[in-house]
Structures are given as structure tokens and as C-alpha cells.
Protein chains: 4
Amino acid sequence: MAPLNEEQLVQIRDERREQIMAAALKVFSRRGVVGTKMSMIVKEAGISHGLVYHYFKSKEELFVTLVRSAIDGSQDAMLAIKNHPGSAYDKIRMLAEDMLDEQGAPYFQLIYQARTSEGVPEEAKQLIYKYSMGDYIEILAPLFVQGQQEGTIASGEPGEMVASFLTVLTGVIMVAAVEDQQYHIPDIEMLLKLITK
Amino acid sequence: MAPLNEEQLVQIRDERREQIMAAALKVFSRRGVVGTKMSMIVKEAGISHGLVYHYFKSKEELFVTLVRSAIDGSQDAMLAIKNHPGSAYDKIRMLAEDMLDEQGAPYFQLIYQARTSEGVPEEAKQLIYKYSMGDYIEILAPLFVQGQQEGTIASGEPGEMVASFLTVLTGVIMVAAVEDQQYHIPDIEMLLKLITK
Amino acid sequence: MAPLNEEQLVQIRDERREQIMAAALKVFSRRGVVGTKMSMIVKEAGISHGLVYHYFKSKEELFVTLVRSAIDGSQDAMLAIKNHPGSAYDKIRMLAEDMLDEQGAPYFQLIYQARTSEGVPEEAKQLIYKYSMGDYIEILAPLFVQGQQEGTIASGEPGEMVASFLTVLTGVIMVAAVEDQQYHIPDIEMLLKLITK
Amino acid sequence: MAPLNEEQLVQIRDERREQIMAAALKVFSRRGVVGTKMSMIVKEAGISHGLVYHYFKSKEELFVTLVRSAIDGSQDAMLAIKNHPGSAYDKIRMLAEDMLDEQGAPYFQLIYQARTSEGVPEEAKQLIYKYSMGDYIEILAPLFVQGQQEGTIASGEPGEMVASFLTVLTGVIMVAAVEDQQYHIPDIEMLLKLITK
DNA sequence: GATGAATGAGCTTTCATTCAT
DNA sequence: TATGAATGAAAGCTCATTCAT
């Protein structure tokens with residue numbers, strides 16, 4: 001007799017929104033904006049076409065929302081690293097691991113897709129330009145300096161080293177996204193050789 | 001106006017074909033198959049829509065042709081490396097340089113796109129599966145073994161090292177393709193640290 | 001909470017029905033059938049989407065119900081005029097006033113929309129064809145004749161005059177429905193000049 | 001052998017554009033923006049869906065283009081009237097005739113639709129607000145004053161009379177657009193009684 | 001060989017309608 | 001009775017491909 005109460009509705013809405021975003025992240029991160037058809041997201045989420053538009057105004061808005069959330073997520077991850085105990089080397093290693101694992105990878109893939117794709121709205125590009133890579137460098141550079149002082153990180157201009165390291169990590173993540181036996185993801189130890197003495 | 005003779009026609013045909021392929025390579029390598037519109041290729045090549053279809057049956061065929069040519073090109077490059085004088089380390093370095101430079105990069109990007117993209121015809125996937133990465137490993141593995149014996153390459157299972165190294169190189173190439181200031185391409189010296197002692 | 005008794009339920013039902021019809025009339029009369037979205041009616045009525053379908057089978061049925069009610073209303077108005085004391089001219093003037101005022105206008109707009117719109121079900125078209133304009137002419141024609149005899153109405157074929165007059169009135173009502181400063185509704189005196197000596 | 005030359009292409013493009021605009025005017029003016037489906041325009045013009053988008057970016061842009069052209073056309077018509085010899089009464093009569101005839105009517109219907117419809121972009125609304133009715137009043141008001149001096153036009157505030165007269169004409173045009181036997185378009189003589197002594 | 005107007009399959013998006021609560 | 005999340009048919013729009021010239 002009674003309709004659902006406010007609390008239940010909010011819960012349903014949140015769940016559904018998460019469900020759609022999770023499905024969309026999965027598809028977008030692999031295929032990019034143009035390569036992703038709404039039907040793929042819809043199928044992945046197990047819902048109808050129309051429902052996506054109940055929660056997101058357009059494919060574009062859905063993508064931008066994901067990018068924004070990816071940036072937020074990566075910033076949280078970085079704060080966690082910063083406050084974590086351990087040597088500079090440990091922290092850098094931890095960050096690299098976070099980037100490469102199943103949780104982190106899609107976000108970096110998404111950011112890469114955002115930079116690559118045609119259909120990406122300027123808004124998303126701006127967001128990425130301002131927040132994504134820049135923040136990483138800002139946090140990592142001091143860690144690199146510290147590592148150099150601690151004798152674990154190779155000498156060299158820290159900013160450049162960080163940028164190079166992130167570029168390699170991003171590249172590996174992108175390639176790793178391809179479900180293909182032939183690309184082999186290097187382990188952390190190997191990747192860390194890039195920046196250690 | 002005198003009609004063109006046979007030879008001239010053949011020449012025009014070949015030139016046009018090259019022109020279209022060059023344009024298509026440029027676009028496909030950055031945007032992938034779905035991300036590339038025929039109009040982009042047409043604009044890049046400075047020709048009409050119709051003309052592409054005089055030379056290639058479809059967008060798909062054009063892409064497959066490029067993949068085939070990319071594979072041929074990379075095989076040539078590898079033979080050149082093989083026959084080049086110098087230490088194993090020198091050869092590996094040279095190969096890495098070739099992959100990363102303006103000439104080589106588009107081919108690897110294309111192969112990556114072929115693996116990634118949805119719209120890629122099975123034919124192209126087969127081609128790549130058989131020839132591309134496998135060949136590299138086949139040639140590089142002995143070089144890695146030799147390098148280990150010469151004391152320049154780090155110890156470890158050679159096949160795995162080669163695959164990892166190629167994965168990193170491919171990743172860097174893909175990321176480098178994005179026209180974006182923030183991704184910073186590491187120099188060869190840094191990348192070689194991945195596999196050296 | 002005590003359950004509502006039969007009488008209360010009936011009352012709620014009637015009120016809700018009226019509420020929906022009033023909202024629908026407001027929107028349909030301005031925007032027509034295709035131009036009206038259920039969400040507009042729902043918003044105007046301040047109820048939920050689902051509730052409309054408790055009272056009306058479809059958007060179509062809701063519209064037809066309104067048309068029927070409009071016709072009923074206009075017939076009542078005409079009987080009132082007929083039985084009203086006064087000269088033919090007075091009666092005609094009164095009718096014109098009734099048509100133009102806030103009460104009457106929506107009905108005429110609705111009838112106009114029914115004639116215009118694509119999405120109008122055949123049933124509504126039939127209703128209108130049979131009852132709406134014809135009735136007016138049937139009642140007004142004798143009044144015009146009487147007015148001509150009384151020397152207030154200009155000479156001319158009465159049927160045609162009535163039809164022309166009604167066309168003008170309908171047109172003015174339709175244009176007046178547009179919330180726009182630039183359309184200026186003429187006053188009754190001016191409009192009556194169309195048919196007076 | 002040779003492709004079409006520039007001149008021929010321009011001609012084809014112009015013709016096609018006109019053809020689409022004529023078809024769209026016909027449909028839009030009767031049905032409004034929402035009521036008009038692209039398939040209707042396409043069918044009326046006898047072309048394919050895609051072709052419309054070769055010439056107009058969207059349904060919206062097509063509509064705005066028509067509105068703009070309607071405004072231009074009506075301004076031309078008014079200049080012609082202004083420069084025409086004859087009494088003020090003659091000129092007003094001529095303008096009214098122009099508005100009502102088959103040529104002029106669709107334009108006024110279009111402008112009416114633009115004011116009514118939901119889907120009309122702000123751009124079109126602005127255009128109309130600035131140019132359409134205002135211009136008419138600007139030109140007609142002096143004619144009314146002149147007519148009052150010449151003793152043909154009834155006394156009264158000229159601006160208001162003009163606005164009222166135009167409202168009636170627009171209303172008649174809208175109603176006349178309905179293909180319905182029951183609405184009867186009054187003749188010019190009758191309509192002019194609205195404003196004459 | 002070369003052009004670009006024209007086509008139409010397929011994708012994105014809207015909105016009347018349904019249904020679990 | 002009342003709600004609004006969910007559905008899906010149909011509309012708008014894109015783009016690979018064709019074809020008259």
C-alpha cells in the first residue's frame with residue numbers, strides 16, 4: 001500500500017548509480033568513449049537502455065562523472081600514501097603497486113582514454129589537465145628527493161624522473177588492459193629498477 | 001591533354017595508395033579503429049571520400065593492409081638489427097631506439113590498436129597473433145642470453161624479460177602518442193635500466 | 001490510522017481526477033497533444049507519474065476525456081446564452097465574452113488542438129466534428145438573423161458570417177494563449193465590429 | 001570522367017537546400033517543432049534521412065534557419081508595401097492580403113509555432129522577439145495614423161490598434177492552416193472592418 | 001582516376017507506460 | 001491509493017559506403 005520511503009529510494013538510487021558507473025568504468029576504460037556503445041554498458045550493468053538516462057544525462061556526462069571520480073579516487077590514494085609510515089622507497093613502491101592493481105588500473109586507463117579520445121568533452125580534458133598527473137608529480141617529487149637522500153633513488157632531476165616513471169606505469173597499465181597473452185606485465189621489482197640506483 | 005600512359009597511371013596509383021596509407025596510419029595509430037572516422041583519413045590525406053574506396057574496399061581492409069605492412073616493416077627492422085655488428089646490449093638498445101623513434105612508433109601503436117580495438121577484423125588479429133610480438137621474442141631472447149653471458153643484461157628468465165621489456169616499450173610508445181605535455185617519454189638510458197644489471 | 005470509508009475514497013478519487021484534468025487542460029490547451037509530455041502534466045498537477053495511469057488509461061484517453069468535457073461545457077454555455085434575456089446583439093456579445101475569458105478559452109484551445117494535432121485519436125476528431133463548431137453555428141445563425149432584423153448585425157449570409165466570426169474568435173484565443181507580450185488581444189468592442197453594421 | 005565542376009555543385013547544393021527548407025516549412029508551420037518528425041520532412045522532400053544532416057546540423061538548426069528566413073521575408077514584404085503607391089488604407093489592405101495568402105501564411109504560422117513550442121531554442125525566440133512583430137508595428141503605426149488623418153481608419157491609439165489587428169490576422173492564419181472544413185476564413189473586407197470607421 | 005552528394009544501418013536519446021513496493 | 005524506478009519502442013543523428021557525373 002505505501003510507496004517506498006525516502007531512505008529506501010535513496011538507497012536504490014545510490015546502488016543503481018554505482019552499478020551503472022562500475023559497468024561504465026569497466027567498458028570505457030578498455031574501449032574509450034567512441035569505442036563504447038551504450039548497449040555495452042547497459043548489458044554489463046544488466047539494465048535497460050532508458051535507465052542509464054534516468055541517472056545520467058548522456059554518455060558524455062557519464063564519462064565525465066567517471067573521470068571526476070577517478071581523479072578524486074587517485075587523490076585519496078595519494079594522501080594515504082603520504083601519511084603511510086616507511087621509507088620514501090617503500091611509499092613509491094606502494095603507490096606503483098596501487099596504480100597497477102585491479103582497483104587502480106581502470107582509473108588510469110580512464111584518464112588515458114580521456115586524453116586520447118575524440119569524443120571527450122573539453123570539460124573532462126580540463127579536469128584531467130589540472131588534477132591528474134600534476135598532483136602525482138607534486139607528491140612524488142619530494143619523495144624522490146627524500147629517496148635520493150636516503151640513497152635508494154638514482155640521482156637525476158626529480159621532476160623529470162617522476163614524470164618518466166609515471167609515463168612508464170601508465171603505459172604498462174594501458175597495455176596490461178589488453179586481454180592478450182603476449183603482453184607480459186613486468187613485476188614491481190623490475191619497474192622500480194627504472195628509478196633506483 | 002594527352003591521356004596518361006600506362007606507366008604514369010601506375011605511378012599515380014602507387015603514389016595515391018601510399019598517400020592514403022600514410023594518412024590512415026597517422027590517424028589509426030592514435031585513435032584506433034572505432035575512433036577513426038573515414039572523414040579524418042580523407043582530411044589528413046587531402047582527398048575525397050570516394051577515392052579511398054578506389055584503392056581500398058573498406059575501412060577494415062585499409063586497416064588490415066596497414067597492419068600487414070607494419071608487421072613486414074618490423075620484421076625488416078629486426079633483420080637489420082640481427083645483422084648489425086656490436087654487442088648484444090648495443091643491438092637491444094638499437095632496437096629499442098628504433099621502436100621509439102618517429103618511424104617505428106606508429107607501427108607499434110597500430111599493432112597495439114589492433115589488439116585493443118573492437119572493430120578489428122579477425123584477419124588482422126590472426127596476423128598479429130602469429131607474427132608481431134612472437135617474432136620479437138624469438139630474435140630478442142638469444143640476444144638477452146648473449147647479454148647475460150657478456151655480463152650486461154640482468155639475470156632472469158630471458159623469455160619473460162623480453163616480454164616485459166617489450167610491454168614497457170609498447171606502453172611508452174602508446175602513451176607518447178598522446179599529444180599531451182604531461183606524459184614525459186623517458187630516455188633510452190632509463191628504459192635500459194629495466195634489463196641491465 | 002483508521003482506513004478511509006467508501007465515501008471518502010470516492011471523494012478523493014473525484015478530486016484527484018479533477019486535479020489531473022485541470023492540469024492536463026492547462027498544458028494540452030497550450031501545447032497540443034504531441035507537444036505535451038506526461039511529465040509536464042504530472043508536474044503541473046503535483047503528483048506522480050504512476051497516478052495518472054490510475055485514473056486514465058493513457059495520455060490519449062486523458063485528452064479525449066478533456067475534449068468530451070470541453071464539448072459538454074460549451075454546450076451548456078450555449079444553452080445559457082439562448083435562455084438569457086436581451087437582444088440578439090447582447091447574446092452574441094455575451095457568447096464572445098464567454099469564449100474569450102479565462103474560463104472559456106482553454107476549451108476552445110483544446111478543440112483547436114484536437115483539430116490540429118497529429119497524435120489525436122480518431123475518436124476525439126469524430127466528437128469534435130459532430131458537436132463542436134456545428135452546434136455553435138446552429139445556435140448562432142438564428143441569432144444573427146434576428147440581429148439583422150433588429151438592425152444591429154450587418155447584412156450577409158448568416159451561416160458564413162457565423163463561421164467567419166467563430167474562426168476569428170478561435171484564432172484570437174489561440175494566439176492569446178501564447179504567453180507573449182507582443183500579441184495583443186483585441187477587446188470585445190473591436191471584434192464585434194466584424195459583424196455589426 | 002571528370003567530377004562535377006564547382007558551379008554545378010553549388011547549384012545542386014542550393015537546390016537541395018531549398019528543397020529541404022520548403023519541405024520543412026510546410027511541415028513545421030502546421031505541426032510545430034515537436035509535432036514534426038524528421039521522417040515527415042524527409043518524406044515531403046523525397047530524400048533520405050541522412051541528407052538532411054548533410055545540409056543542416058540538426059532539426060533545431062533547420063527550424064532556426066527557417067525562422068530567420070521567415071523574418072527576412074516578412075521584412076522584405078513590408079518594405080515593398082511601404083514603397084507602394086496608394087492610400088494608407090490600400091497599403092494596409094495589401095499587407096493583410098499578403099499575410100493571408102498562400103505565400104505569406106506559412107511564415108506567420110512558423111513564427112507562431114516558434115513562440116508556442118517547447119523545443120524551440122532560445123536563439124530562435126530571441127530572433128522573433130526582436131524582429132518579427134515589432135517591425136510590423138513600427139511600419140504599420142504610421143500608416144494607421146495616416147489612415148486616421150485620411151478618414152479611413154477608426155480613431156484610437158494606433159499602436160494598440162496595430163497590435164490587435166496583427167493578433168487577429170495571425171490567429172486567422174493559424175486557424176486557416178488546419179485542414180478542416182468547419183473553420184471558415186473571413187474575407188479581407190470583413191477583417192478590415194476591425195480597423196475602419 | 002576523382003569528386004562529393006546521397007543513402008541507410010545502427011547508435012544515442014526520449015518519453016509513454018508499467019510495476020514492485 | 002500513491003510512488004518513482006524501470007522498461008522499450010520510436011525518434012534524432014552519425015558515418016561507412018555507394019554512385020552519378
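Here is the naming used below: chain letters follow the sequence lines, and residue numbers restart at 1 for every chain.
Within the 4.5 Å cutoff, the side chain of I111(B) has heavy atoms near those of the R115(B) side chain. At a threshold of 4.5 Å between non-hydrogen side-chain atoms, the residues M21(C) and F56(C) count as touching.
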Given side-chain contact (heavy atoms from CB on, under 4.5 Å), test E61(D) with V64(D) step by step and report yes or no. CA-CA 5 Å; E61(D) 197 203 79; V64(D) 173; 5.6 Å; no
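Mapping G50(A) and S48(C) onto DNA chain F via the closest heavy atom, the residue that lands nearer the 5' end is S48(C). Heavy-atom distances to DNA chain E give each of V52(B) and S58(C) a nearest nucleotide, and the one nearer the 5′ end belongs to V52(B). Residue whose closest nucleotide on DNA chain F sits further toward the 5' end, between K59(D) and G46(C): G46(C). Residue-to-nucleotide proximity on DNA chain E shows that, of T36(A) and K57(C), the 5′-proximal contact is made by T36(A).
A distance of 4.0 Å separates CE in M174(D) from OH in Y112(C), rounded to the nearest 0.5 Å.
Regarding L51(D), its CG atom lies at a distance of 14 Å from the C1' atom of dC13(F), rounded to whole Å. The distance from atom CD of Q8(D) to atom P of dA5(E) is 12 Å, rounded to the nearest whole Å. One atom, NE2 of H49(B), and another, C1' of dA20(F), lie 17 Å apart when rounded to the nearest Å. Protein atom CG of D14(C) is 14 Å distant from nucleotide atom C1' of dT1(F), rounded to whole Å. Going from atom CD of E60(A) over to atom P of dC11(E) covers 19 Å, rounded to whole Å. One atom, NZ of K43(A), and another, P of dG8(F), lie 15 Å apart when rounded to the nearest Å. dT14(F) atom P lies 15 Å from atom CZ of F56(D), rounded to whole Å. When the P atom of dT17(F) is taken as reference, atom CD1 of I41(B) falls 10 Å away, rounded to whole Å.
For the 3.5 Å distance criterion, the side chains of E7(C) and Q11(C) fail to qualify, holding no donor opposite an acceptor.
Remark: side-chain polar atoms of S69(D) are not paired, donor with acceptor, to backbone N or O of T65(D) under 3.5 angstrom.
Crowding of K125(C) atom NZ: a count of heavy atoms from other residues, nucleotides or ligands under 6.0 Å exceeding 12.
For H54(C) against dA2(F), a side-chain-to-base donor-acceptor contact under 3.5 Å is present.
For the pair Y55(A) and dA5(F), the criterion of a side-chain N or O lying under 4.0 Å from OP1 or OP2 is not met. Listed pair R16(A) / dA5(F) fails the phosphate criterion, with no side-chain N or O lying under 4.0 Å from OP1 or OP2. Checking the phosphate oxygens (OP1, OP2) of dT18(E), no side-chain nitrogen or oxygen of Y53(C) falls inside 4.0 Å.
Minimum atom distance to the side chain of K37(D) is reached by dG12(F), of the listed dG12(F), dG4(E), dC11(E). For I12(B), the listed nucleotide lying nearest its side chain is dA2(E); candidates were dA2(E), dG12(F), dT18(E). Closest approach to the M38(A) side chain among dG12(F), dT13(E), dT18(E) is made by dT13(E) (side chain taken as heavy atoms from C-beta onward).
Closest heavy-atom contact between L51(C) and I20(C): O-CD1, 4.4 Å.
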Let me have DNA chain E in dot-bracket notation, would you? Count Watson-Crick plus G-U wobble pairs, both distances under 3.5 Å, and use [ ] for pairs crossing earlier ones and | for inter-strand partners. .||||||||||||||||||||
